[in-house]
> 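Dumping the structure here so I can ask a few things about it.
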Amino acid sequence: MATIEVRINKEVRDYQESIFFGLSLRQLVFALLAVLVAVGVYFGLRNIVGSGEIGWICVLAAFPFALGGFFTYNGMTFEKFLLAFIRSELLYPKKLVFRSENLYAKALENSSVKEALRLD
């Protein structure tokens with residue numbers, strides 16, 4: 001009798017269903033989008049830019065789309081991460097300043113113990 005082995009990820013939430021060549025649907029869509037952008041840039045600029053430079057321009061134009069499919073940080077996709085970064089660093093930047101407080105002196109401000117200590 002043949003044994004059947006079922007592989008289960010250690011973290012079930014990390015499971016991704018592969019659609020094509022081990023890519024998830026999101027990765028496949030963004031990879032196709034990156035290819036379409038690169039081809040569009042190539043045909044749009046082939047008469048304007050030289051052949052050496054057009055390759056670099058195609059790669060740079062397709063990079064953000066390819067990154068969108070494969071990038072994850074703390075469970076966030078690229079769009080969510082970019083939005084969180086813009087919010088935290090550009091829209092709502094905070095300058096954190098450390099100020100020490102003497103909590104004991106604050107507690108004694110309205111206390112009769114403070115007056116008793118001054119008399120000694």
Side-chain angles (χ1 to χ4, degrees):
M1 185 163 102
T3 59
I4 298 174
E5 182 178 326
V6 178
R7 298 186 73 209
I8 299 174
N9 289 350
K10 289 183 180 180
E11 185 60 48
V12 177
R13 291 178 286 177
D14 292 339
Y15 174 74
Q16 292 181 350
E17 184 177 356
S18 69
I19 302 293
F20 186 70
F21 286 119
L23 299 176
S24 68
L25 180 62
R26 175 182 177 82
Q27 292 169 341
L28 180 65
V29 167
F30 274 95
L32 290 175
L33 189 61
V35 169
L36 289 174
V37 166
V39 169
V41 167
Y42 174 77
F43 284 116
L45 297 177
R46 69 180 170 178
N47 295 329
I48 301 169
V49 182
S51 62
E53 294 84 14
I54 198 165
W56 287 105
I57 294 172
C58 289
V59 168
L60 290 175
F63 178 72
F65 296 99
L67 183 66
F70 295 93
F71 181 86
T72 55
Y73 180 76
N74 286 343
M76 292 185 287
T77 60
F78 181 67
E79 306 86 47
K80 289 181 184 176
F81 172 78
L82 195 59
L83 187 61
F85 180 80
I86 289 171
R87 282 184 185 157
S88 67
E89 298 298 322
L90 301 176
L91 297 179
Y92 309 117
K94 294 180 182 176
K95 186 174 183 178
L96 301 177
V97 179
F98 175 75
R99 291 191 184 112
S100 63
E101 290 183 52
N102 189 347
L103 295 176
Y104 183 70
K106 262 190 178 177
L108 290 179
E109 278 180 358
N110 300 321
S111 172
S112 62
V113 177
K114 181 180 175 185
E115 294 168 1
L117 289 175
R118 281 191 178 170
L119 293 176
D120 289 340

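Here the structure is a predicted model, which means the values were calculated and not measured. Just the heavy atoms: all of them, side chains too, but no hydrogens, waters or symmetry mates, feed the values below.
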> Does anything in residues 26-68 form a ring pair (Phe, Tyr, Trp, His ring centres under 6.0 Å)? List the pairs, not counting sequence neighbours.
none

> Output all residues satisfying side-chain contact (heavy atoms from CB on, under 4.5 Å) with Leu32, sequence neighbours left out; order by chain, then residue number.
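side-chain contact (heavy atoms from CB on, under 4.5 Å) list for Leu32, sorted by chain: Leu28.
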
> Would you please name every residue forming a side-chain contact (heavy atoms from CB on, under 4.5 Å) with Ala31, sequence neighbours left out?
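Ala31: no side-chain contact (heavy atoms from CB on, under 4.5 Å) contacts found.
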
> Which heavy atom of Leu60 sits nearest a heavy atom of Pro64, and at what distance?
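Shortest heavy-atom contact: O-CD, 3.3 Å.
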
> I'd like to know if Leu45 and Val35 are part of one continuous hydrophobic network [Ile/Leu/Val/Met/Phe/Trp/Tyr, side-chain heavy atoms within less than 4.5 Å].
yes

> List in chain and number order the residues that pass side-chain contact (heavy atoms from CB on, under 4.5 Å) with Asn74, two or more places apart in sequence or in another chain; answer none if no residue qualifies.
none

> Looking only at heavy atoms, which two atoms of Ile57 and Val41 are closest? And how far apart?
CG2-CG1, 3.7 Å

> Hydrophobic cluster membership, with links at side-chain heavy-atom distances under 4.5 Å among I/L/V/M/F/W/Y: are Ile86 and Phe71 in one?
yes

> I need the full list of salt bridge (Lys or Arg N to Asp or Glu O under 4.0 Å) pairs touching residues 34-45, with sequence neighbours left out, sorted by first then second residue.
none

> Below 3.5 Å, can you tabulate the donor-acceptor pairs from side chains in residues 75-82 to any protein atom, sequence neighbours excluded?
from, atom 1, to, atom 2, distance (Å)
Thr77, OG1, Glu79, OE1, 3.3
Glu79, OE1, Arg26, NH2, 3.0
Glu79, OE2, Arg26, NH2, 2.8

> Any link between Val29 and Val37 through a network of hydrophobic side chains (Ile, Leu, Val, Met, Phe, Trp, Tyr) touching at under 4.5 Å?
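In one cluster: no.
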
> If the condition is side-chain contact (heavy atoms from CB on, under 4.5 Å), which residues does Ala66 pass it with, not counting sequence neighbours?
Ala34

> Any link between Leu90 and Phe85 through a network of hydrophobic side chains (Ile, Leu, Val, Met, Phe, Trp, Tyr) touching at under 4.5 Å?
no

